[in-house]
Amino acid sequence: MIPTGIPIKELFRSFSSHLGKDIRVNGWVRTRRDSKAGISFVELNDGSCLKNLQVIISHDNPSLVEMLPIITTGAGISAFGTLKKSPAKGQPIELEAKEITIYGTADPVSYPLQKKRHSFEFLRQIAHLRPRTNTIGAVTRVRNRLSYTIHRFFQERGFYYIHTPIITTSDCEGAGEVFRVVAEHMEEEFFGRPTYLTVSGQLQAEIFALALGKVYTFGPTFRAENSNTRRHLAEFWMIEPEVAFADIEDNLKLAEEMLRQIVQDVLDNCDEDLQFFARFIDPNLIGRLEMIIKKPFEVITYTEAVKILEESGEQFDYPARWGCDLQAEHERYLTEKKFKRPVAVIDYPRTLKPFYMKVNDDEQTVAAMDVLVPEVGEIVGGSEREYRYDVLVEQMKQKNMNLEDYQWYLDLRRFGSVPHAGFGLGFERLVQFVTGVQNIREAIPFPRTPGHALF
RNA sequence: UCCCCGGUAGCUCAAUCGGCAGAGCGGGUGGCUGUUAACCACUAGGUUGCUGGUUCGAGUCCGGCCCGGGGAGCCA
């Protein structure tokens with residue numbers, strides 16, 4: 001067995017219990033500095049936290065000195081020695097090495113990562129090594145925490161986690177272009193009919209919501225849109241809760257509580273990483289996150305939003321008009337300038353929204369909701385679902401849909417249909433919002449965008 | 001897909017009006033120091049994205065293509 005190391009995070013958190021004891025740490029060398037006073041300093045990082053542990057190599061120990069030339073940036077090593085208080089400034093503790101095992105060297109001439117800052121664009125080209133950087137390491141830890149706390153949020157409220165299919169036969173009308181799924185070396189359709197990668201688990205989640213009450217999905221989603229922006233991926237992860245016996249107000253409340261709780265959790269548990277982002281990525285980050293917790297969401301109807309935009313006196317490239325979709329510039333104005341907080345826009349014209357949204361009593365609008373946040377834009381999109389059979393059929397006919405393809409969906413309205421609602425939260429956009437990374441490609445371990453799919 | 005900007009050393013970038021292709025960092029060597037984005041000296045390192053053209057002369061100007069970034073649209 002490989003000797004286990006103590007996580008560096010653990011050493012910094014409670015070093016008093018380890019001081020003076022012999023311990024082992026496994027990790028990767030970030031940098032080495034040699035002092036002719038007879039000491040070398042090795043900064044070791046193991047991914048458990050942002051901080052490096054300083055390992056002291058005394059030049060009195062000939063077997064360690066022999067190793068020095070290959071203890072270079074990037075090397076994977078194990079260090080065994082005594083944990084001591086550091087006599088110098090900069091770190092509370094350091095490890096005085098007795099033994100070092102070098103598992104893997106990293107040739108300094110060809111190892112692409114250097115101590116100094118790299119551009120994110122360059123790091124994307126070495127996506128297999130970029131997790132070893134401070135930023136991507138921190139994003140990865142925050143992403144993990146968000147993932148954990150989202151599951152916890154729903155589990156604590158009695159939601160069931162549903163694994164909706166990745167391969168589907170419905171293209172979820174209006175959710176974007178789809179990827180076809182075909183079996184290689186097979187002429188005929190593997191499934192006997194055309195199949196696609198899912199663009200949303202919503203319709204299938206509705207099936208289970210109308211049986212188990214409260215459910216959510218959290219899985220990969222695929223869109224074959226040729227969109228080249230810092231907010232879009234061809235493969236991304238989406239959280240989609242779906243609740244029976246719930247209307248648009250319940251839906252809004254759920255979205256707000258969810259965002260508030262997960263942001264609070266990250267503030268409580270990822271402080272070191274967030275401070276790093278605040279220092280190097282986005283100085284306004286912490287204030288923006290605290291705003292989520294302190295200020296209630298502003299809720300306005302689409303009609304009110306258009307009126308506010310018309311009376312704003314702002315010069316927009318496209319003036320706001322009732323019946324037209326809100327432009328990105330409109331959304332930014334509402335959330336960043338007018339209200340300076342998350343804004344939920346509800347009750348959109350039915351012509352702008354998909355068939356499954358509940359038609360309001362005015363028959364002109366549907367019970368949709370988009371939650372907009374500063375910097376990222378739309379982070380949540382959802383609605384109360386149309387649960388009345390006749391109205392749903394009418395909606396589908398208006399949108400020129402083939403009713404036969406959705407017989408199962410209509411059946412849900414024929415047998416025990418009840419009001420229900422849900423929404424989709426783009427997970428990478430949440431990661432973007434919480435970390436401040438400008439480009440969504442830094443918010444996911446292996447970004448897939450048009451023309452790019454490494455590994 | 002459309003609009004704008006860019007592609008020069010391993011990385012980040014400079015190069016005036018078209019006139020000898022440079023710096024910092026990183027690498028190597030030596031020096032110095034309980035160092036910590038260490039410091040000092042020396043040193044190696046180039047198909048200026050590809051291609052065609054204009055010119056005595058092109059990193060620089062023009063055409064085509066490729067790639068990247070930002071914005072827009074679509075959306076999460």
Side-chain angles (χ1 to χ4, degrees), chain A residues 30-44 51-59 69 72-74 84-91 94 96 106-126 133-134 172 174-177 199-202 220-240 255 280 316-318 324-332 352-354 370-373 376-382 423-433 438-441 443-444 449-452:
Chain A
R30 281 293 172 82
T31 172
R32 190 191 86 221
R33 294 177 294 273
D34 299 318
S35 164
K36 283 292 164 356
I39 301 183
S40 287
F41 304 91
V42 174
E43 296 234 14
L44 202 62
K51 283 205 258 313
N52 303 323
L53 180 66
Q54 179 161 279
V55 178
I56 307 298
I57 295 179
S58 165
H59 294 183
T72 55
T73 303
K84 294 190 167 174
K85 275 189 176 167
S86 179
K89 283 179 188 169
Q91 61 285 316
E94 60 189 26
E96 201 172 283
D107 174 23
V109 176
S110 47
Y111 187 63
L113 290 174
Q114 50 189 50
K115 283 184 282 187
K116 271 206 146 176
R117 240 180 138 154
H118 290 289
S119 65
F120 288 128
E121 195 177 334
F122 170 70
L123 291 175
R124 273 174 228 145
Q125 293 162 23
I126 48 164
T133 62
N134 286 336
C172 203
E177 296 297 317
V199 292
S200 165
Q202 179 203 316
T221 310
F222 307 86
R223 304 273 168 93
E225 292 288 334
N226 188 13
S227 33
N228 296 286
T229 82
R230 62 185 181 86
R231 299 185 306 280
H232 288 87
L233 292 164
E235 177 184 279
F236 63 100
W237 288 65
M238 191 151 64
I239 295 109
E240 297 179 286
F280 290 105
F316 295 115
D317 293 340
Y318 295 89
C324 296
D325 232 331
L326 297 181
Q327 304 285 310
E329 56 179 344
H330 301 149
E331 297 182 348
R332 266 202 307 277
L352 295 179
K353 292 292 184 182
D370 285 359
V371 178
L372 315 172
V373 293
V376 174
E378 185 183 337
I379 200 167
V380 163
F423 61 83
L425 169 79
F427 187 52
E428 283 74 18
R429 288 198 182 164
L430 178 68
V431 174
Q432 252 186 305
F433 181 74
Q438 284 289 299
N439 197 309
I440 201 166
R441 293 164 210 191
I444 189 168
T449 52
H452 296 277

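First the proteins, then the strands, lettered A, B, ... as listed; each starts at 1.
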What is the distance from [atom1] of [X] to [atom2] of [N], rounded to the nearest Å?
X        : N     : atom1 : atom2 : value
A:Arg223 : B:C74 : CZ    : P     : 14 Å
A:Asn134 : B:A37 : CG    : P     : 12 Å
A:His232 : B:A76 : NE2   : P     : 9 Å
A:Leu425 : B:C75 : CG    : C1'   : 14 Å
A:Asn228 : B:C3  : CG    : P     : 14 Å
A:Phe423 : B:A76 : CZ    : C1'   : 12 Å
A:Leu326 : B:C75 : CG    : C1'   : 14 Å
A:Ile440 : B:C75 : CD1   : C1'   : 11 Å

Legend entry - Electrostatic pair A:Asp325:A:Lys353 at N-O distance under 4.0 angstrom: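 Salt bridge absent between A:Asp325 and A:Lys353.
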
If the condition is side-chain contact (heavy atoms from CB on, under 4.5 Å), which residues does [X] pass it with, not counting sequence neighbours?
X        : value
A:Ser119 : A:Glu121, A:Phe122
A:Glu235 : A:Phe222, A:Arg448
A:Gln438 : A:Arg230
A:Lys51  : A:Phe12, A:Cys49, A:Glu272

Could you work out the separation of [N] and [M] based on their [atom1] atoms and round it to a whole Å?
N     : M     : atom1 : value
B:G59 : B:C50 : C1'   : 15 Å
B:U55 : B:G18 : C1'   : 9 Å
B:A44 : B:G6  : C1'   : 29 Å
B:A37 : B:C20 : C1'   : 35 Å
B:A14 : B:G7  : P     : 8 Å
B:U12 : B:G26 : P     : 15 Å
B:U8  : B:A15 : C1'   : 9 Å
B:U43 : B:C3  : P     : 50 Å

N or O in side chain of [X] less than 4.0 angstrom from [N] OP1/OP2:
X        : N     : value
A:Arg231 : B:A72 : yes
A:Arg441 : B:G69 : yes
A:Gln327 : B:G73 : yes
A:Asn439 : B:G70 : yes
A:Arg124 : B:G69 : yes

Just by modelled atom types, is the [Y] backbone N or O under 3.5 Å from a matching donor or acceptor in the [X] side chain?
X        : Y        : value
A:Glu329 : A:Asp317 : yes
A:Glu240 : A:Gly424 : no
A:Ser227 : A:His232 : no
A:Arg429 : A:Glu378 : yes
A:Arg223 : A:Val199 : yes

Residue set satisfying ring pair (Phe, Tyr, Trp, His ring centres under 6.0 Å) with A:Phe316, at least two apart, ordered chain then number -> A:His330, A:Tyr333

Residues at least two apart in sequence or cross-chain that pass ring pair (Phe, Tyr, Trp, His ring centres under 6.0 Å) with A:Phe433, listed by chain then number, are none

Modelled atom types, side-chain donor and acceptor of A:Arg30 and A:Asn134, under 3.5 Å: yes

Query - Pair A:Ser40, A:His59: side-chain N/O donor-acceptor within cut-off below 3.5 Å - result: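 Yes, because at least one side-chain N or O of A:Ser40 sits under 3.5 Å from a partner of the opposite role on A:His59.
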
Atom pairs under 3.5 Å, N or O on each side, protein against nucleotides 8-11 of chain B: can you list them with distances?
residue, atom, partner, partner atom, Å
B:G10, N2, A:Gln114, OE1, 2.9
B:C11, O2', A:His118, ND1, 3.3

Using a 4.0 Å heavy-atom cut-off across all strands, classify [X] as base, sugar-phosphate, or nothing.
X        : value
A:Thr229 : base
A:Arg230 : sugar-phosphate
A:Ile379 : sugar-phosphate
A:Arg32  : nothing

Going by the rule salt bridge (Lys or Arg N to Asp or Glu O under 4.0 Å), which residues pair with A:Arg33 if we only count those two or more places apart in sequence or in a different chain?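 Here the qualifying residues are A:Glu43.
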
Per-residue pairing states of RNA chain B in dot-bracket (Watson-Crick or G-U under 3.5 Å; . unpaired, | other strand) read (((((((..((((.....[..)))).(((((.......))))).....(((((..]....))))))))))))....

Per nearest nucleotide of RNA chain B, the residue lying toward the 5' end, A:Phe236 or A:Ser227, is A:Ser227

Does the side-chain ring of A:Phe427 lie flat on the base of B:A76, meaning centres under 5.5 Å and planes less than 30 degrees apart?
->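 Not stacked by the 5.5 Å and 30° rule.
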
Among the candidates B:A76, B:U1, B:A72, find the nucleotide nearest to the side-chain atoms of A:Ala328.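 Taking heavy atoms from C-beta onward, the closest nucleotide is B:A72.
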
Just the table, please: protein N/O against nucleotides 47-51 of chain B N/O, every pair under 3.5 Å.
none

Output a table of nitrogen or oxygen pairs between the protein and nucleotides 32-35 of chain B separated by less than 3.5 Å.
residue, atom, partner, partner atom, Å
B:C32, N4, A:Lys36, NZ, 3.1
B:U33, N3, A:Asp34, O, 3.2
B:U33, O4, A:Asp34, O, 2.6
B:U33, O4, A:Lys36, N, 2.7
B:G34, O6, A:Glu94, OE2, 3.4
B:G34, N1, A:Glu94, OE1, 3.3
B:G34, N1, A:Glu94, OE2, 2.7
B:G34, N2, A:Gln54, NE2, 2.9
B:G34, N2, A:Glu94, OE1, 2.4
B:G34, N2, A:Glu94, OE2, 3.4
B:U35, O2', A:Arg33, NE, 3.2
B:U35, O2, A:Arg33, NE, 2.9
B:U35, O2, A:Arg33, NH2, 3.0
B:U35, N3, A:Gln54, OE1, 3.0
B:U35, N3, A:Gln54, NE2, 3.2
B:U35, O4, A:Gln54, NE2, 2.8
B:U35, O4, A:Gln91, NE2, 2.9

side-chain hydrogen bond (donor to acceptor under 3.5 Å, both in side chains) filter on A:Glu428, not counting sequence neighbours, yields A:Arg143

